[in-house]
Amino acid sequence: MSRVSVPCHVKGTVALQVGDVRTSQGRPGVLVIDVTFPSVAPFELQEIMFKNYYTAFLSIRVRQHTSTHAPTKWVTCLRDYCLMPDPHSEEGAQEYVSLFKHQMLCDMARVLELRLILRQPSPLWLSFTVEELQIYQEGPKSPSVTFPKWLSHPVPCEQPALLCEGLPDPSRVSSEVQQMWALTEMIRASHTSARIGRFDVDGCYDLNLLSYT
């Protein structure tokens, strides 16, 4: 499935002090990043890609266009997604992350605005954010590829020519296989034919059986 990059504008990051993350140094525990799409009509979001910079948990909210005159509301479509499974070992830091619409908790159609909520439960890091943010929507579908019908139901005029000389004729091979099968069944059913190549009681070959064709 193809994807198309959506031009967007990333607003300035807003730092919040939340809970036990508040320290004397004023280190933020939550960052809020708003993303707008000023030159794009409401679209269906397909993928969000970015580079994680020491962010532990991510929540995503979207503001969608509604057909009614009611004011648009923010809807949480991803809550506390773990970007760093082990913050102490920095696992998952500075890695590229892709989030797709099937991972979201709500329908990603008619998106007008996007909000990323980054959370770092430990005051160990002075800064954390996401970088190289890219937003994608679903692109045009690829045209369907139709296979030649001769691959499944060949007609005489559409049968491919032999690649080189010396290849067996398919019809002749089929008849020979049927003859071999009939001969095998005949030998299996005949008690005397099954003795071809065996020693008789006197320790000699039965020459009459060897002349069987």
Side-chain angles (χ1 to χ4, degrees), residues 1-140:
M1 182 179 296
S2 61
R3 60 179 189 174
V4 176
S5 178
V6 180
C8 60
H9 173 68
V10 181
K11 296 183 179 180
T13 303
V14 178
L16 303 178
Q17 297 287 346
V18 176
D20 57 358
V21 185
R22 186 177 302 154
T23 64
S24 58
Q25 291 84 3
R27 296 175 181 172
V30 176
L31 297 181
V32 178
I33 301 176
D34 283 335
V35 183
T36 59
F37 311 94
S39 59
V40 179
F43 66 97
E44 181 175 358
L45 192 146
Q46 180 76 18
E47 179 185 359
I48 302 173
M49 189 176 72
F50 55 87
K51 183 179 181 181
N52 176 34
Y53 187 79
Y54 295 101
T55 297
F57 298 98
L58 170 68
S59 296
I60 299 179
R61 307 193 73 194
V62 293
R63 190 170 65 89
Q64 297 172 304
H65 174 74
T66 58
S67 56
T68 62
H69 297 287
T72 57
K73 296 181 179 180
W74 288 93
V75 180
T76 300
C77 56
L78 189 66
R79 187 185 302 275
D80 289 334
Y81 183 82
C82 183
L83 297 178
M84 291 181 63
D86 188 355
H88 298 288
S89 64
E90 302 181 2
E91 180 183 354
Q94 302 192 54
E95 293 184 358
Y96 285 92
V97 179
S98 289
L99 299 174
F100 299 89
K101 67 176 183 180
H102 64 266
Q103 297 176 263
M104 307 299 174
L105 302 175
C106 62
D107 187 14
M108 301 302 290
R110 305 181 304 278
V111 173
L112 293 173
E113 195 170 351
L114 189 70
R115 175 170 292 171
L116 307 179
I117 304 173
L118 320 180
R119 185 163 65 87
Q120 182 56 270
S122 171
L124 179 61
W125 291 275
L126 294 176
S127 61
F128 59 96
T129 184
V130 296
E131 301 175 346
E132 305 176 27
L133 181 64
Q134 298 289 332
I135 310 295
Y136 296 96
Q137 65 177 334
E138 183 177 347

Q) Which heavy atom of Phe128 sits nearest a heavy atom of Leu118, and at what distance? A) CE1-O, 3.9 Å
Q. Just by modelled atom types, is the Ser98 backbone N or O under 3.5 Å from a matching donor or acceptor in the Glu47 side chain?
A. no
Q | Where at least one partner belongs to residues 48-69, residue pairs that pass salt bridge (charged side-chain N to carboxylate O under 4.0 Å, His left out), sequence neighbours excluded | A | Arg63-Glu113
**Q.** Closest non-hydrogen atom pair between Gln137 and Glu44, with its separation
**A.** CB-O, 3.4 Å
Q: For the pair Gln64 (side chain) and Val75 (backbone), establish whether a donor and an acceptor sit closer than 3.5 Å, ignoring hydrogens and angles.
A: no
**Q.** Where Tyr81 and Leu78 come nearest, the two heavy atoms and their spacing
**A.** CB-CD2, 3.7 Å
Q) Can you name the closest pair of heavy atoms from Ser127 and Tyr53 and give their distance? A) OG-CE2, 3.6 Å
(Q) Among Met108, Arg115, Arg110, Met104, exactly one meets side chain to side chain contact (heavy atoms under 4.5 Å, CB included) together with Val62. Which residue is that? (A) Met108
Q. Any donor and acceptor pair, going by atom type alone, linking the side chain of Ser59 with main-chain N or O of Asp80 inside 3.5 Å?
A. yes
Q | Polar side-chain atom of Thr55 near backbone of Thr129 as donor-acceptor pair, under 3.5 Å | A | yes
Q | Minimum heavy-atom distance Leu114-Trp74, with the two atoms named | A | C-CZ3, 4.1 Å
Q: Please check if the side chain of Asn52 supplies one atom and the backbone of Gly92 the other of a donor-acceptor pair under 3.5 Å.
A: yes
